[in-house]
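Below you'll find the structure, written out as structure tokens, and then a few comments.
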Amino acid sequence: MITLLIIIIIYMKIDIVTLFPKIFNEFLNKGLLSKAIEKQIISINLVNVRVFAKDNRVDDRPFGGGVGMVIKPEPLYEAIKSTGVKRKNASYKYCYNKPYVIYMTPQGSLLNNNIILDLTKFKHLVIVCGHYEGIDERVLNYIDKEISIGDYVLSGGEIPAMALVDATVRMLPGVLNPKSIINDSFFCNLLDFPNYTRPAVFRGYTVPKVLLSGNHKEIQKWRDKQAYIKTKTRRPDLLLQK
Ligand code: ADE
């Protein structure tokens with residue numbers, strides 16, 4: 001008897017550079033992330049910027065005055081460098097098998113499904129979280145992409161980094177059932193169709209009859225139509241995207 005053993009090795013390394021590594025404990029030890037780590041689909045390493053501060057200072061007042069503090073360039077640069085990032089000259093170009101350095105900032109490109117799909121191609125992501133008034137601008141020379149999770153300001157980049165990691169990891173092969181990714185909102189530029197579960201009647205509210213029919217072709221037709229109607233009424237801009 002021939003046993004065919006197919007081993008899929010998808011390995012993405014993720015370094016998170018932060019002043020507050022403890023914030024990530026629960027996030028990494030529960031649910032989807034911990035399963036992906038257990039299955040060795042990803043490995044996540046928290047890099048504490050404070051370890052790289054020679055004089056114990058990670059922030060300082062902004063040149064030119066103003067409110068708030070700015071993260072100093074030296075400890076942040078050393079923390080990024082410790083992940084294996086090398087920049088030899090200004091003409092450095094990233095590619096999928098080199099570390100890709102992302103800075104979470106409200107000034108970055110607005111995160112969407114296409115950016116997430118692109119990130120899944122990298123073998124090594126380095127995610128830098130800012131805090132206070134942000135980071136010294138000169139560190140941007142070591143950043144490949146700035147990403148924002150929305151037009152609002154959070155007190156730090158840790159929550160945006162979690163959003164980015166979660167959205168990226170769930171797209172990696174072997175993490176979720178591929179069917180649930182295909183049915184997700186934003187796949188094919190459509191929002192998700194409505195979902196129902198037992199009981200069939202909840203406080204007088206019923207479930208669309210077709211879902212109880214057992215006719216899978218009709219169910220799929222209904223779901224496609226509902227996804228389209230929802231997208232057209234709530235996010236018509238998605239239907240115009242390529
Ligand atoms: N840091 C603070 N606010 C942010 C946002 N909206 N997106 C990404 N990083 C941030």
Side-chain angles (χ1 to χ4, degrees), residues 9-60 68-85 99-108 111 113 115-116 119-120 122-136 139 142-150 152-177 180-181 184:
I9 302 170
I10 317 116
Y11 191 79
M12 179 188 272
K13 187 174 175 224
I14 304 175
D15 283 297
I16 302 175
V17 178
T18 171
L19 292 173
F20 303 100
K22 282 188 185 156
I23 291 179
F24 292 90
N25 284 353
E26 191 78 358
F27 172 65
L28 298 179
N29 291 327
K30 290 266 150 38
L32 177 136
L33 266 296
S34 75
K35 285 204 187 92
I37 294 168
E38 214 175 277
K39 288 191 199 168
Q40 300 193 347
I41 295 169
I42 56 161
S43 78
I44 300 201
N45 178 38
L46 298 168
V47 182
N48 188 346
V49 181
R50 291 175 204 278
V51 170
F52 298 88
K54 289 205 178 86
D55 53 1
N56 244 351
R57 284 210 69 164
V58 288
D59 59 350
D60 210 333
M69 301 295 265
V70 178
I71 299 181
K72 286 166 72 63
E74 309 97 316
L76 190 54
Y77 165 73
E78 292 298 334
I80 295 171
K81 209 175 87 179
S82 77
T83 66
V85 171
Y100 190 59
V101 189
I102 299 163
Y103 171 44
M104 304 311 300
T105 165
Q107 282 116 48
L111 187 60
N113 213 40
I115 295 180
I116 294 293
L119 294 183
T120 62
F122 288 92
K123 289 271 158 266
H124 184 183
L125 299 179
V126 179
I127 304 171
V128 179
C129 307
H131 237 274
Y132 315 121
E133 283 307 299
I135 65 175
D136 186 295
V139 179
Y142 304 93
I143 303 285
D144 296 309
K145 190 165 182 76
E146 296 173 56
I147 296 182
S148 164
I149 61 160
Y152 45 84
V153 179
L154 296 162
S155 54
E158 284 74 16
I159 291 171
M162 287 185 213
L164 185 84
V165 170
D166 189 279
T168 306
V169 171
R170 66 194 298 287
M171 287 285 192
L172 295 176
V175 175
L176 286 181
N177 179 337
S180 64
I181 295 175
D184 271 348

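Please read these numbers as outputs of a predicted model, since none were measured by experiment.
Nearest heavy atom pair, residue Leu119 against residue Met12, reads O-CE, 3.3 Å. Looking at every heavy atom in both residues, Gly108 comes nearest to Ser148 through O-CB, 3.7 Å. When all heavy atoms of Cys129 and Phe24 are compared, the pair lying nearest together is SG-CZ, 4.3 Å. Contact record, Pro106 with Tyr152: CB-O, 4.1 Å, taken as the closest heavy-atom pair. Contact record, His124 with Val126: NE2-CG2, 3.6 Å, taken as the closest heavy-atom pair. Heavy-atom minimum distance, Tyr11 versus Gln40: CD1-O, 3.5 Å.
For residues 41-52, there are no salt bridge (charged side-chain N to carboxylate O under 4.0 Å, His left out) pairs, not counting sequence neighbours.
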List the atom pairs, with distances to 0.1 Å, where a side-chain N or O of residues 28-35 and a protein N or O form a donor-acceptor pair under 3.5 Å, not counting sequence neighbours.
residue	atom	partner	partner atom	Å
Asn29	ND2	Asn25	O	3.0
Lys30	NZ	Glu26	OE2	3.3
Ser34	OG	Gly31	O	3.0

Enumerate donor-acceptor pairs with a distance under 3.5 Å from any side-chain N or O in residues 155-175 to protein atoms, sequence neighbours excluded.
residue	atom	partner	partner atom	Å
Glu158	OE1	His131	NE2	3.3
Glu158	OE2	Thr18	OG1	2.6
Thr168	OG1	Leu164	O	2.7
Arg170	NH1	Asp184	OD2	2.5
Arg170	NH2	Asp184	OD2	3.2

*From CA spacing to verdict: side-chain contact (heavy atoms from CB on, under 4.5 Å), Tyr142, Leu76*: CA-CA 10 Å; Tyr142 304 93; Leu76 190 54; over 6 Å; no

_side-chain contact (heavy atoms from CB on, under 4.5 Å) for Ile80 and Val139? Distances and angles first, verdict last._
CA-CA 10 Å; Ile80 295 171; Val139 179; 3.8 Å; yes

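When atom types are taken as modelled, the side chain of Asp136 and the backbone of Lys72 share no donor-acceptor pair closer than 3.5 angstrom.
Separating the OG1 atom in Thr105 from the CG atom in Leu154 is a distance of 11.0 Å, to the nearest 0.5 Å. Taking CD1 of Ile44 as the start and CD1 of Ile16 as the end, the distance is 5.0 Å to the nearest 0.5 Å. Rounding to the nearest 0.5 Å places CG of Leu46 at 10.5 Å from CD1 of Ile127. Distance check, rounded to the nearest 0.5 Å: CD1 of Ile14 to OG of Ser43 gives 8.0 Å.
Leu125 pairs in a side-chain contact (heavy atoms from CB on, under 4.5 Å) with only one of the listed residues (Asp144, Ile102, Thr120), which is Ile102.
Aromatic ring orientation, Tyr132 versus Phe20: perpendicular (interplanar angle above 60°, classes split at 30° and 60°).
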